[in-house]
Novice: 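Have a look at the structure that comes next, please.
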Protein chains: 2
Amino acid sequence: MDIAEWRVKIDALDRQLVELLNQRCRCAMAIGVLKRGGDLPIYEPLREKQVLHQVAEANAGPLSDRALQHIFERIIDEMRAIQKTEALGEAASRADGYPSAVLPDERD
Amino acid sequence: MDIAEWRVKIDALDRQLVELLNQRCRCAMAIGVLKRGGDLPIYEPLREKQVLHQVAEANAGPLSDRALQHIFERIIDEMRAIQKTEALGEAASRADGYPSAVLPDERD
């Protein structure tokens with residue numbers, strides 16, 4: 001196989017990666033909603049450690065555990081940022097149209 | 001679904017991501033071998049731009065193009081590092097047992 005043919009393979013893998021990452025993001029967003037409902041913290045260092053540990057367990061190479069850890073740290077960072085943005089958006093829409101200290105469920 | 005159930009889904013997705021990333025790595029390593037054989041540069045900014053463009057094209061959300069770009073920049077970085085390490089390892093094994101300035105194909 002020449003370089004162009006390997007790149008066709010990489011492009012197909014990248015499309016699958018995009019799809020899986022978006023599926024993962026939908027799960028993280030669902031967890032974000034549950035966390036806000038239960039007043040749980042968005043940042044959970046123990047869960048993040050567990051994710052990285054499981055990634056290393058699943059790794060059969062050729063990527064090193066360290067390389068995968070770097071990639072998954074970025075994935076986790078981006079998903080946590082989305083959970084935070086969603087939380088802010090929800091708070092803003094709850095407060096929308098009301099004086100900033102008065103939330104809709106407090107007005108009656 | 002509760003948080004624990006969503007996490008079971010995430011863990012399954014992560015195992016698939018690990019497998020796809022390792023497949024992608026094998027492709028990148030094959031390209032690395034071809035590049036060294038053809039004396040081509042490991043860093044190819046135009047190809048990297050193309051990868052990021054295609055990732056954005058394939059993106060149906062909910063991840064933003066920007067979040068995916070951050071994740072793929074990390075993936076590309078790690079794979080480029082492996083191509084470089086492989087190149088060094090190959091040069092080292094070629095030079096193994098010979099004075100550092102003398103490569104095996106130069107000794108006869």
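Quick note on labels: first sequence line is chain A, next is B, and so on, each numbered from 1.
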Novice: Charged N to carboxylate O under 4.0 angstrom, Arg80(B) versus Asp77(B)?
Specialist: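 Yes, this pair counts.
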Novice: Please look at Ala60(A) and chain B and tell me whether the side chain, the backbone, both or neither of the residue comes under 4.5 angstrom of a heavy atom of that chain.
Specialist: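 Backbone of Ala60(A) only, per the 4.5 Å heavy-atom cut-off to chain B.
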Novice: If you measure from CZ on Arg26(A) to CG on Leu63(B), what distance do you get to the nearest 0.5 Å?
Specialist: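 CG of Leu63(B) is found 9.0 Å from CZ of Arg26(A).
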Novice: State yes or no: do Trp6(A) and Val51(B) share one hydrophobic cluster built from I, L, V, M, F, W and Y residues joined by side-chain heavy-atom distances below 4.5 Å, directly or via other members?
Specialist: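 As far as the 4.5 Å side-chain criterion goes, Val51(B) and Trp6(A) are not connected within one cluster.
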Novice: Let me know if Gln23(A) has heavy atoms under 4.5 Å from chain B in its side chain, its backbone, both or neither.
Specialist: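 Both backbone and side chain.
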Novice: Going by an N to O cut-off under 4.0 Å, is there a salt bridge joining Arg7(B) and Glu44(A)?
Specialist: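 So Arg7(B) pairs with Glu44(A) through a salt bridge.
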Novice: Measure the spacing between CD of Gln16(A) and CD of Glu19(B) and express it to the nearest 0.5 Å.
Specialist: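 So the gap between those two atoms works out to 10.0 Å.
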Novice: Could you look at Ile75(A) and say if it's the side chain, the backbone, both or neither that has a heavy atom under 4.5 Å from chain B?
Specialist: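 It is both, since atoms from each part get that close.
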Novice: Does a donor on one side chain and an acceptor on the other come within less than 3.5 Å for Gln50(A) and Arg47(A)?
Specialist: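 Judged by distance alone, the side chains do pair up.
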Novice: For chain A, find which of Leu21(B), Asp14(B), Ile3(B), Asp2(B) contributes the most heavy-atom pairs closer than 4.5 angstrom.
Specialist: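 Looking at each option in turn, the highest pair count goes to Asp14(B).
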Novice: Looking at Ala58(A), Ala67(A), Ala12(A), which one has more heavy-atom pairs under 4.5 Å with chain B than the rest?
Specialist: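 Looking at each option in turn, the highest pair count goes to Ala67(A).
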Novice: Tell me, out of Val33(A), Leu13(A), Asn22(A), who's got the most heavy-atom pairs with chain B below 4.5 Å.
Specialist: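 The candidate making the most pairs under 4.5 Å is Asn22(A).
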Novice: Under a 4.5 Å heavy-atom cutoff, which of Gly61(A), Pro62(A), Ser64(A) has the most pairs with chain B?
Specialist: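 Max contact count across the listed options: Pro62(A).
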Novice: So which part of Met1(A) gets closer than 4.5 Å to some heavy atom of chain B, the side chain, the backbone, both or neither?
Specialist: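 The answer is the backbone of Met1(A).
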Novice: Which one wins on heavy-atom pair count under 4.5 Å against chain B: Cys27(A), Ala28(A), Ala30(A), Ala81(A)?
Specialist: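 Option with the top pair count is Cys27(A).
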Novice: Under a 4.5 Å heavy-atom cutoff, which of Met79(A), Lys9(A), His70(A), Glu73(A) has the most pairs with chain B?
Specialist: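 The option with the most such pairs is His70(A).
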Novice: Can Ile76(B) be reached from Ile42(B) by stepping across I, L, V, M, F, W or Y side chains whose heavy atoms are under 4.5 Å apart?
Specialist: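 Looking at the clustering, Ile76(B) is in a separate group from Ile42(B).
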Novice: Drop me the distance from Ile10(A)'s CD1 to Glu5(A)'s CD, to the nearest 0.5 angstrom.
Specialist: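 Between atom CD1 of Ile10(A) and atom CD of Glu5(A) there are 12.5 Å.
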Novice: Taking side chain as everything from C-beta outward and backbone as N, CA, C, O, which of these in Gln54(B) sits under 4.5 Å from a heavy atom of chain A? Side chain, backbone, both or neither.
Specialist: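 For Gln54(B), the contact with chain A is made by the side chain alone.
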Novice: Set out, in order, the CA-CA distance, both residues' side-chain angles and the distance that settles side-chain contact (heavy atoms from CB on, under 4.5 Å) for Ile31(A) and Lys35(A), then state yes or no.
Specialist: CA-CA 6 Å; Ile31(A) 289 175; Lys35(A) 279 182 175 175; 3.8 Å; yes
Novice: Which bit of Leu17(B) comes within less than 4.5 Å of chain A, counting heavy atoms only: side chain, backbone, both or neither?
Specialist: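 Looking at Leu17(B), backbone and side chain both touch chain A.
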Novice: By a 4.5 Å heavy-atom criterion (distance strictly below it), what part of Val55(A) contacts chain B: side chain, backbone, both, or neither?
Specialist: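 Looking at Val55(A), backbone and side chain both touch chain B.
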